[in-house]
Amino acid sequence: MELPTSFSRREFLAKTSCFGSYYALASLIPLPALPAELAVDQRISQTPLVDKGFASIRKIGNGVYATISDFSKGITTICNGGFLVGKDAAFLIEGFTTAAGASFQMDTLRTVSQLPVKGALDTHYHFDHSMGNSFYGANGIPLWAHATTAKRIVDNYVPMQGVDKEAVLGPIEKAIKDAKSDVERAHLQTDLNAVTSVFQVASSSILSLPNHPLDPSKLPMSVDLGGLTAVLESYPGHSGTDIVVRLPEQNIVYTGDLFFHGWYPVCFDEKATISGWRETLKKFAAFDKDTLFVPGHGQLCGQEGIASIREVFDDIAGQAEKMYKAGVPAEEAQHRYVVPDKFKNFPIFAWGFTIGPAITKLYAEWQRK
Ligand SMILES: [Zn+2]
């Protein structure tokens with residue numbers, strides 16, 4: 001198959017110049033090295049197949065490869081992903097932020113296998129996992145996703161296309177002017193950076209929708225690639241469209257954004273549920289003790305990574321509960337959370353995408369009780 005790689009590079013170079021708001025976020029977010037315990041993990045190749053800075057791809061199992069992004073070095077991919085290679089077919093994970101990101105992953109797959117590609121999966125609808133879908137569409141690769149992903153892409157990103165950026169950013173700029181405190185203003189500024197970044201990608205991307213919907217009532221579902229079986233499962237928590245890819249025989253899991261490793265979890269989605277997400281993480285913690293996790297964002301890790309994100313949720317819930325019991329209103333509580341020393345190196349994509357909504361959603365859950 002002929003792949004438009006030269007196009008990808010030009011597109012990447014053209015795009016990076018207009019992404020100042022990303023660098024405001026990304027400069028804070030260097031990817032940590034592989035943890036020491038993974039350096040002795042027999043499944044993992046210590047040398048990546050390829051390292052482009054913005055992402056590297058390495059073998060992490062038998063026919064199993066992980067794409068790990070470093071947000072601080074570019075926005076071509078942003079999220080993690082990977083691919084699977086059996087005896088009969090290959091399977092790709094994630095549509096990434098740009099067509100160039102999807103193309104990079106496909107090119108790397110083709111350096112190890114010429115087998116037909118059974119599909120490419122968006123683990124959920126969010127822009128950084130789906131705006132590169134058009135690459136797969138253009139190359140005739142079936143695009144798999146949770147059945148509601150197509151609608152969520154249309155509902156959330158079409159309104160950002162063909163409009164002046166003020167239509168999208170105006171309300172946040174007004175909120176910054178009207179902020180009641182410096183803390184609230186600083187938090188809203190991080191939201192403005194994040195929404196500016198999402199707008200820049202969504203307004204300049206050609207949207208491409210999944211054509212292989214996965215009905216969640218029919219999951220889990222096995223995908224036989226020939227001597228390598230992937231199991232697709234659906235869990236609540238991050239976006240209402242989340243699909244996880246498990247390789248049960250090798251104890252490897254691609255979690256999508258149900259797991260942010262070493263980051264504050266992004267909870268803003270209208271379908272995100274904090275209690276549901278914490279239950280999901282409890283299930284991940286009950287997977288085999290040697291499970292290797294490919295998180296949606298952050299470095300590869302074992303169960304210690306799941307323990308760390310559960311601690312972050314516990315800390316947010318603990319601080320929120322004290323404020324709830326003390327009668328602090330939700331609007332105020334969402335800005336009062338204090339990042340403990342332990343998590344001070346955990347990137348916060350934007351306050352209003354992570355900690356703020358986690359607290360207001362917890363309040364809403366407690367109020368319903
Ligand atoms: Zn997401």
Side-chain angles (χ1 to χ4, degrees), residues 22 25-26 29 31 55 67-69 71 75-82 93-98 101-102 120-133 143-146 148-157 160 190-191 193-195 197-202 205 207 209-210 214 216 232-245 253-274 276-278 280-281 284 293-299 305-306 309 312-313 346-358 361:
Y22 268 110
L25 304 167
I29 310 176
L31 179 76
T67 301
I68 302 294
S69 293
F71 193 21
I75 61 137
T76 307
T77 46
I78 296 188
C79 73
N80 296 332
I93 299 164
E94 294 299 11
F96 301 106
T97 320
T98 64
L121 172 80
D122 289 351
T123 60
H124 62 297
Y125 84 89
H126 286 161
F127 83 105
D128 50 328
H129 302 255
S130 66
M131 292 292 116
N133 283 347
L143 193 54
W144 298 29
H146 186 287
T148 57
T149 293
K151 181 177 187 327
R152 302 294 305 282
I153 290 173
V154 170
D155 289 351
N156 285 275
Y157 303 121
M160 292 191 184
T190 66
D191 298 352
N193 282 339
V195 177
S197 306
V198 176
F199 174 80
Q200 283 169 334
V201 170
S205 295
L207 300 182
L209 306 179
L214 300 167
L232 307 184
E233 300 174 348
S234 158
Y235 294 91
H238 173 69
S239 73
T241 59
D242 303 290
I243 305 278
V244 160
V245 182
V253 186
Y254 296 80
T255 63
D257 281 2
L258 286 167
F259 174 32
F260 284 74
H261 179 214
W263 288 48
Y264 269 87
V266 170
C267 303
F268 77 96
D269 199 280
E270 60 182 288
K271 302 275 187 203
T273 132
I274 307 304
W277 197 339
R278 292 173 88 191
T280 295
L281 291 168
F284 290 177
F293 290 95
V294 183
H297 298 271
Q299 188 54 275
I306 298 294
I309 188 178
V312 169
F313 271 115
F346 281 45
I348 298 166
F349 179 65
W351 197 271
F353 281 60
T354 54
I355 294 158
K361 280 169 188 278

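For the single chain, residues carry numbers from 1 onward in sequence order. Read the numbers this way: they start at 1 and go in the same order the structure lists the ligands and their atoms.
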Chemist: Is the Tyr157 ring parallel, tilted or perpendicular to the Tyr125 ring (thresholds 30°, 60°)?
Modeler: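 Rings of Tyr157 and Tyr125: tilted, as their planes differ by 30° to 60°.
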
Chemist: Counting backbone and side-chain atoms alike, does Asp257 have an N/O/S atom under 2.8 Å from the Zn ion (ligand 1)?
Modeler: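 Checking Asp257: at least one N, O or S atom is under 2.8 Å.
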
Chemist: Under a 3.5 Å cutoff, is there a donor and acceptor pairing between the side chains of Ser239 and Asp242?
Modeler: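 Short answer, yes.
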
Chemist: How open is the angle at the Zn ion (ligand 1) from atom NE2 of His238 over to atom NE2 of His124, rounded to 10 degrees?
Modeler: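 The two atoms form an angle at the metal of about 100°.
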
Chemist: Look at the rings of Phe260 and His297 and say which category their plane angle falls in: under 30° parallel, 30 to 60° tilted, over 60° perpendicular.
Modeler: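 Rings of Phe260 and His297: parallel, under 30°.
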
Chemist: Out of the N/O/S atoms in His126, what is the name of the one closest to the Zn ion (ligand 1)?
Modeler: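 Result: ND1.
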
Chemist: In a check of side chain to side chain donor-acceptor pair (under 3.5 Å) between His124 and each of His238, His146, Lys271, which one passes?
Modeler: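 Only match with His124 under side chain to side chain donor-acceptor pair (under 3.5 Å): His238.
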
Chemist: Under 2.8 Å from the Zn ion (ligand 1), is there an N/O/S atom belonging to His129?
Modeler: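 Checking the Zn ion (ligand 1) against His129, no N, O or S atom falls under 2.8 Å.
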
